[in-house]
Amino acid sequence: MYSLNNPLSKMSKRPKLTPLPPSTPPNPQTLHRLKPPKWAPLNLSQSELSLPLTFPTGQTFRWKQTAPLQYTGTLGPHLISLKHHQDGGVYYHIHHSPSDSAAKSVLLDFLNVRISLAELWGTFSSSDSRFAELAKYFAGARVLRQDPVECLVQFLCSSNNNIGRITKMVDFVSGLGTYLGEVEGFEFHEFPSLERLAMVTEVELRTAGFGYRAKYITGTVDALQSKPGGGAEWLMSLRKLELQEAIDALCTLPGVGPKVAACIALFSLDQHHAIPVDTHVWKIATRYLLPELAGARLTPKLCSRVAEAFVSKYGEYAGWAQTLLFIAELPSQKAILPSNSCTIKEKNSAKRKSREA
């Protein structure tokens, strides 16, 4: 799925990768046109959206932490910051946009606000005591609804990689798009179109440090460019398919295997029960859902069994449940848990061992 390496709270302001010339050179006057901060409430509580539990946990690699409890990113031509106020509520500020109303609409769609976390967490908690305990500490861990092209390119960069290096690669690709402005020393660009990405060669990407992933990105861009109606529309159409159909379609693209396809499906294609299975998710599954498989070697067949186990346990939004369970395993997030905290299942296991002694 995504790396368990310590996620960055704030990336280096200038990636080490050598950037290509952006499609639109930065205009210094743009900095002066950015709107002065004027924060407005999103009417989302921290239990519905926790920024630190959503942005730096491996779903997206394009949003930067620009202040304590503040994250900034671009959605199309819109440059937006989000932050928690003292009451925990989420506020937003539009730095740059051709239309503030359009920016807010796109932001709400990106945040998947039509889905109530409180309702989901209540349903999951009623059937899973371990989830109920973790939900006390990880409320607000929301699944985003990203643009499919952006999501696809980001997860092509994620193959056998860590969050720091993935972010540098994504920054490089993002830097090819139109410059939108600077916030707290970070430069932000609109994500480049497929037409712009098609101008980048495999050699240029390899020179920039992408390694073998370079051929996957250029190959996938070429494949998308050949789709009737265009690659962006083709990817968007996958939202209307059944999960397995969407996975199969994504796997026809260079460099996209079942795990990457499941990430794209969950984080951009409304496939809410998609389960990206990697070694970390495998450990979660064998510890809590399929203990009889502990010690077995993860195979494609067992990947399917893990996904089925999550869906059987959590239903049509199993991907959301799995995301919280994954986040709870991140080293940086485990610090949220009290030092004396252990799951109900672990407590019961200890009691059984005590009785057997």
Donor-acceptor under 3.5 Å (Ser312 side chain, Glu308 main chain): no
Residue Glu292 excluded, over 12 heavy atoms near CD under 6.0 Å: yes
Heavy-atom check, side chain of Leu269 versus side chain of Ile264, under 4.5 Å: yes
Worked check of side chain to side chain contact (heavy atoms under 4.5 Å, CB included) between Leu156 and Val256: CA-CA 7 Å; Leu156 283 174; Val256 179; 3.9 Å; yes
NZ (Lys283) with more than 12 external heavy atoms under 6.0 Å: no
pair Leu250-Leu235: side-chain heavy atoms closer than 4.5 Å: yes
Min side-chain heavy-atom separation Leu176-Met199 under 4.5 Å: no
Side-chain (Arg213) to main-chain (Phe210) donor-acceptor, under 3.5 angstrom: yes
Flag, side chain of Thr57 to backbone of Thr54, donor-acceptor distance under 3.5 Å: yes
Hydrophobic cluster membership, Ile247 vs Leu298, 4.5 Å side-chain cutoff: no
Side chain to side chain contact (heavy atoms under 4.5 Å, CB included) between Tyr288 and Asp128, intermediate numbers included: CA-CA 10 Å; Tyr288 302 108; Asp128 184 353; over 6 Å; no
Validation row: Arg130, Leu325 side chains within 4.5 angstrom (heavy atoms): yes
Inter-residue atom distance Leu253.CG - Asp222.CG, 0.5 Å rounding: 11.5 Å
Minimum-distance pair of heavy atoms, taken over all atoms of Ala262 and Ala274: O-CB, 3.7 Å
Atom of Arg305, atom of Leu293 and distance for their closest heavy-atom approach: NH1-CD2, 3.7 Å
Derivation and outcome, side chain to side chain contact (heavy atoms under 4.5 Å, CB included), residues Leu224 and Leu152: CA-CA 11 Å; Leu224 291 175; Leu152 169 58; 3.7 Å; yes
Non-hydrogen atoms of Arg239 and Asp270 that approach each other most closely: CD-OD2, 3.6 Å
Distance in Å, Lys64 NZ paired with Ser81 OG, rounded so as to fall on 0.5 Å steps: 13.0 Å
His93 (side chain) donor-acceptor with Trp39 (main chain) under 3.5 angstrom: no
Test side chain to side chain contact (heavy atoms under 4.5 Å, CB included) applied to Thr299 and Leu302, step by step: CA-CA 5 Å; Thr299 63; Leu302 287 183; 3.5 Å; yes
Transitive ILVMFWY side-chain link Phe326 to Ile115, under 4.5 Å: yes
Side-chain heavy atoms of Glu190 within contact of Arg196, under 4.5 Å: no
Reported OH-to-CZ distance for the pair Tyr212 and Arg206, which is rounded to 0.5 angstrom: 10.5 Å
4.5 Å side-chain heavy-atom contact, Glu48 and Ser116: yes
Phe191 six-ring centre to Arg62 NZ/CZ under 6.0 Å and within 45° of normal: no
Minimum heavy-atom distance between Leu49 and Leu44, given as atom pair plus value: CD2-CD1, 4.1 Å
Donor-acceptor contact below 3.5 Å, side chain Gln271 vs main chain Leu241: yes
Spacing of OH belonging to Tyr92 relative to CD1 belonging to Ile80, to within rounding of 0.5 Å: 8.5 Å
Any residue meeting ring-ring contact (aromatic ring centres under 6.0 Å, His included) with Trp234, in chain and number order, not counting sequence neighbours: none
Atom of Thr72, atom of Phe188 and distance for their closest heavy-atom approach: O-CE2, 3.3 Å
Gln70 versus Glu184, side-chain donor and acceptor atoms under 3.5 Å: no
Any donor-acceptor pair under 3.5 Å from Thr252 side chain to Ala249 backbone: yes
Residues, nucleotides or ligands: over 12 heavy atoms within 6.0 Å of Arg114 CZ: yes
Backbone N/O of Glu242 and side chain of Glu245: donor-acceptor pair under 3.5 Å: yes
Check: Ser99 main-chain N/O paired with Ser97 side-chain donor or acceptor under 3.5 Å: yes
Check: Ile94 and His78 side chains under 4.5 Å, non-hydrogen atoms: no
Partners meeting ring-ring contact (aromatic ring centres under 6.0 Å, His included) with Phe124 (sequence neighbours left out): Trp121, Phe131, Tyr314
Donor-acceptor pair, side chain of His84 and main chain of Leu51, under 3.5 angstrom: yes
Joint cluster assignment, Val277 & Phe155, ILVMFWY side-chain distance < 4.5 Å: yes
Hphob cluster co-occupancy, Tyr91 + Tyr71, side-chain heavy atoms under 4.5 angstrom: no
Co-membership, hydrophobic cluster, residues Phe267 and Leu243, 4.5 Å side-chain: no
Side-chain heavy-atom pair Gln225, Glu195 within 4.5 angstrom cut-off: yes
Glu150 backbone acceptor or donor facing Gln154 side chain under 3.5 Å: yes
Spacing of Leu290 atom CG and Ile284 atom CD1 [to the nearest 0.5 Å]: 12.5 Å
Counterpart residues, ring-ring contact (aromatic ring centres under 6.0 Å, His included), relative to Trp63 (two or more places apart): Phe55, Phe110
Shortest non-hydrogen separation from Cys151 to Cys263 and the atoms involved: SG-O, 4.4 Å
Spatial distance of atom CD (Gln65) from atom CZ (Phe186) [nearest 0.5 Å]: 8.5 Å
